[in-house]
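What follows is one structure encoded as structure tokens, with my remarks underneath.
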Number of protein chains: 2
Amino acid sequence: MVTTADETTATTTSRARMTGKQRREQLLEVGRKLFADKGFEATTVEEIAAKAGVSKPVVYEHFGGKEGLYAVVVDREIRALLDVITGALSSHGHARVLLEQAALALLDYVENSTDGFRILVRDSPAGQSTGSFASLLSDVASQVEHILAAEFKRQKLDPKTAPIYAQMLVGMVALTGQWWMDSRKFKKADVAAHLVNLAWNGLAGMEPKPILRTARK
Amino acid sequence: MVTTADETTATTTSRARMTGKQRREQLLEVGRKLFADKGFEATTVEEIAAKAGVSKPVVYEHFGGKEGLYAVVVDREIRALLDVITGALSSHGHARVLLEQAALALLDYVENSTDGFRILVRDSPAGQSTGSFASLLSDVASQVEHILAAEFKRQKLDPKTAPIYAQMLVGMVALTGQWWMDSRKFKKADVAAHLVNLAWNGLAGMEPKPILRTARK
DNA sequence: GTCGTAGGTTACGGTTGCGTAAGTTACCTC
DNA sequence: GAGGTAACTTACGCAACCGTAACCTACGAC
């Protein structure tokens, strides 16, 4: 044992004994990071344990296995993301403002919880056919759909087509978030403003200098 | 499909001896299907071999391993998709028409080569950090960027922002394709028309009954 | 200060799936 | 119909990981 030194890459985070809760949270953190970096299958239980400065059975004790840990990690991320998006979409106001807020909410999430977002995007624990991220997207899309349907009626457009447009908007925002996560060459507020600009005005009627209508931290 | 008999799940496609080329192509087909259905890691070499009615070493003979086979499969798909998209984008004409054609090209691809598209979207052979699909997208985005930059100058918009909009458009189209692949509740031409409608006119100025401007098979 | 228990360890069994060595069969050529 | 070669097989070695059984150890309560 001895080992004050870390062998290969493992940064032995803790050394001391912890309470169950603490250890559990720590394992979740460590796992999150690893899953984000290397994906589900490429991450091994031993690696997780090592990086938490603990031995393998501890992981099994808390989560019953890799899948168990992964499930909890994903569940938390899904909930967190869904919460902020739903929050943004269910404040009342002009559809344009809702869009703006939802976009900002996603970008915030991408910024603050990059690892989590990366996990969701990667998804792929083979088991569930419906990737959890896909189902999150379709959940959000259905919220957007309702907003759009109302808006369409007002504008004398066919509400039957709302699902398509909902899907497109969600896709646009989601993939833009994904892209922004890696490139990061533009400011968050700018990305959001352009997002809204394109979605609202279209290429034919774009504002030259789009600005946000919402005050934000 | 010249299937003779299937046992449990493995559809032993061939029984007879083949030439090297034939076998190679057959293995690529089989692999493509399996990778699309189960992903890279979940697919085993034995499974591929079995489904091709052949034994494992044959696969190693032709491709040197699972990764080798996968690489060829992905490479072909990337090329194919990139070709049709690039083709659509490099015909000259109104930007709106280009968008329309590119959208249709993608949807065609999704329709005709569903397995391939699913593989690309899944991607994830751990190795290359830059998922091949991501790099394809950014490739396409850069093409779109140039088209947009020209268009922006004409419209007195800032060409510096073209990359963002390019990314958004590509994201919108790509994720819509992904969604359409699974849902399939709308007709291809309709999806394309709505795609163009949103991108071009925006939510504020949508046409009630968008129609395509291009004649298509 | 002993003792119960939560927190932790070492060490192993078992499966899975990759990759290869060595040998076999059909087919084509002369 | 002998033999060479391309196509293919059986059989195995081996490494990685998962998961578990069995055994320690710090530490607060009494």
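Numbered from 1 within each chain, the chains take letters A, B, ... in sequence-line order. It should be emphasised that the depicted structure is a prediction, and the values quoted were computed from it without experimental measurement.
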Would you say that more than 12 heavy atoms from the other residues, nucleotides or ligands in this model lie under 6.0 Å from the CD of E46(B), or not? no
N/O donor-acceptor pair under 3.5 Å between K188(A) side chain and W180(A) backbone: no
Once the angle between the rings of Y70(A) and F35(A) is folded into 0 to 90°, is it parallel (under 30°), tilted (30 to 60°) or perpendicular (over 60°)? perpendicular
When we call it a touch if two heavy atoms are under 4.0 Å apart, what does S55(A) touch: a base, just sugar-phosphate, or nothing? base
I need a per-nucleotide contact map over nucleotides 19-30 of chain C, read 5' to 3'. Cutoff is protein heavy atoms under 4.0 Å; write B for the base, S for backbone only, - otherwise. BBB---BB----
Nearest whole Å is fine: how far is dG8(C) C1' from R24(A) CZ? 18 Å
Please check: side-chain N/O of E100(A) versus main-chain N/O of V196(A), any donor-acceptor pairing under 3.5 Å? no
Provide the start and end nucleotides, 5' to 3', of the part of DNA chain D that has atoms under 4.0 Å from heavy atoms of chain A. dC17(D) to dA26(D)
Can you check whether I119(A) reaches V73(A) side chain to side chain, under 4.5 Å on heavy atoms? yes
Of T19(B) and T43(A), the one whose nearest nucleotide on DNA chain D sits closer to the 5' end is T19(B)
Salt bridge (Lys or Arg N to Asp or Glu O under 4.0 Å) between K38(A) and E47(A), intermediate numbers included: CA-CA 11 Å; K38(A) 332 190 4 178; E47(A) 207 176 355; 2.7 Å; yes
Find out whether L120(A) and Y109(A) are in side-chain contact, i.e. whether some heavy atom of one side chain is under 4.5 Å from a heavy atom of the other. yes
Please assess E77(A) against R122(A) for the test salt bridge (Lys or Arg N to Asp or Glu O under 4.0 Å), listing each intermediate value before the final yes or no. CA-CA 13 Å; E77(A) 294 302 326; R122(A) 261 210 177 123; over 6 Å; no
